[in-house]
Amino acid sequence: MKRNTIGSLIWLRITRFTHQSNILSNENLKQFGLTTAQFDVLNQIAVYEPITQSELAQKATVSEGGMSRMLARLEKNGLIERKQNWKIKEIYLTEEGRNKLDAAFQTQLAFQSSFFDEVLTKKEQKMLLKLMSRVQKNSEKKII
């Protein structure tokens with residue numbers, strides 16, 4: 001068997017952490033009737049509304065195919081609405097969607113922050129953020 005590179009080991013750790021974090025976040029968000037992916041989509045809509053489906057798919061952690069199904073569910077549950085604006089369909093949060101996101105946001109923020117607050121100093125967290133931002137920006141350059 002070939003030896004892993006440091007880069008491949010970092011990637012494996014990030015992948016495993018992301019998977020475990022999503023499992024735990026899904027459990028944490030159950031109390032609000034949301035999944036991690038739904039929380040992310042509602043949050044992206046809140047930040048960028050009005051937003052189109054294709055813009056949303058680029059920003060969220062959901063595939064384009066999964067996005068259509070999720071938006072249909074969120075609309076059926078009264079959390080979002082889609083409005084036709086000339087040739088474009090724009091997505092907005094409903095009052096119910098905004099209330100649900102507001103209710104879940106602080107709890108999810110504290111939950112996600114705890115992963116880092118419990119083991120890293122503020123200085124280490126800032127360094128990790130800086131390094132991960134550089135890696136992410138480099139990966140974005142590779143997307144065609």
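Just so you know, these numbers use all the heavy atoms, side chains as well, and skip hydrogens, waters and symmetry mates.
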Contacts of type side chain to side chain donor-acceptor pair (under 3.5 Å), residue Gln44, not counting sequence neighbours: Asp40
Donor-acceptor pair between Asn26 and Thr36 side chains, under 3.5 angstrom: yes
Counterpart residues, ring pair (Phe, Tyr, Trp, His ring centres under 6.0 Å), relative to Phe32 (two or more places apart): none
Salt bridge (charged side-chain N to carboxylate O under 4.0 Å, His left out): pairs with one or both residues in residues 107-133, sequence neighbours excluded: Asp117-Lys122
Linked hydrophobic residues, Leu131 as query - side chain contacts closer than 4.5 Å: Met127
ring-ring contact (aromatic ring centres under 6.0 Å, His included): pairs with one or both residues in residues 88-126, sequence neighbours excluded: Phe17-Phe115, Phe17-Phe116, Phe111-Phe115
Under the side chain to side chain donor-acceptor pair (under 3.5 Å) test, residues paired with Ser21 that sit two or more places apart: Gln112
Other cluster members, Leu129 - Ile/Leu/Val/Met/Phe/Trp/Tyr, side-chain contacts below 4.5 Å: none
side-chain hydrogen bond (donor to acceptor under 3.5 Å, both in side chains) contacts touching residues 79-89 (sequence neighbours left out): Glu75-Arg82, Asn85-Glu90
Salt bridge (charged side-chain N to carboxylate O under 4.0 Å, His left out) pairs, two or more places apart, involving residues 92-103: Glu49-Arg98
Other ILVMFWY residues reachable from Ile23 by side-chain steps of under 4.5 Å: none
Ser133-Gln136 side chain donor-acceptor pair, cut-off 3.5 Å: no
CD1/Ile6: more than 12 non-hydrogen atoms of other groups inside 6.0 Å: no
Residue pairs involving residues 9-31 (criterion salt bridge (charged side-chain N to carboxylate O under 4.0 Å, His left out); sequence neighbours excluded): Glu27-Lys30
Non-neighbouring partners of Ser8 that pass side chain to side chain donor-acceptor pair (under 3.5 Å), sequence neighbours left out: Thr5
